[in-house]
Amino acid sequence: MGKTSPAKVAQLKPKKKCCKKSTRCLRCPVVIHRMKKLDCDHLSKKQANKALKKARAA
């Protein structure tokens, strides 16, 4: 599996249970919810990557 673009993270199917690690995985329900709250269509690629990094940090 290759890298997933930050804009497509909001459309991923979340896992059933949260991992609660220090750096959350991409399919973690918390990360997907945080990315859905942002409108990644209006963000630049650099801003989207930064937002994903922040969403994954616990």
Side-chain angles (χ1 to χ4, degrees):
M1 190 170 144
K3 285 191 172 188
T4 305
S5 70
K8 295 185 180 183
V9 172
Q11 285 85 29
L12 292 176
K13 183 180 177 189
K15 297 190 312 188
K16 290 196 179 242
K17 216 165 190 197
C18 181
C19 52
K20 296 182 184 175
K21 291 185 178 179
S22 62
T23 302
R24 296 178 185 269
C25 61
L26 286 175
R27 290 187 53 226
C28 181
V30 176
V31 173
I32 292 176
H33 179 71
R34 288 176 183 168
M35 291 305 285
K36 277 185 183 178
K37 287 190 340 185
L38 297 173
D39 192 12
C40 288
D41 297 334
H42 300 293
L43 297 177
S44 68
K45 188 174 182 179
K46 186 176 181 180
Q47 290 173 328
N49 282 329
K50 197 171 185 179
L52 179 62
K53 197 172 190 179
K54 185 178 178 187
R56 290 184 69 195

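Here, residue 1 is the first one in the sequence, and each next residue gets the next number. Quick note: numbers below take in every heavy atom, side chains included, and nothing from hydrogens, waters or symmetry partners.
You'll find the side chain of C18 reaches within 4.5 Å of the side chain of R24, heavy atoms only.
Remark: Q47 CD to K54 NZ distance equals 12.5 Å, nearest 0.5 Å. Note that the OG1 atom of T4 and the CZ atom of R27 stand 10.0 Å from one another [nearest 0.5 Å]. Here the NZ-CG distance, from K36 to L38, works out to 13.0 Å after rounding to the nearest 0.5 Å. To the nearest 0.5 angstrom, M35 atom CE is 13.5 Å from K8 atom NZ.
The two residues P6 and N49 have their closest heavy-atom pair at CG-OD1, 2.9 Å. Residues R56 and L26 come closest through the heavy atom pair CD-CD2, 3.9 Å. Among all heavy-atom pairs drawn from V31 and C25, the shortest one is CG2-O, 3.5 Å.
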Practice prompt. Report the C-alpha separation of R34 and L52 in whole Å, then their side-chain angles, then the decisive distance to 0.1 Å, and conclude whether the side-chain contact (heavy atoms from CB on, under 4.5 Å) test is met.
Written response: CA-CA 9 Å; R34 288 176 183 168; L52 179 62; over 6 Å; no
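Heavy atoms from other residues, nucleotides or ligands lying under 6.0 Å from NZ of K45 number 12 at most.
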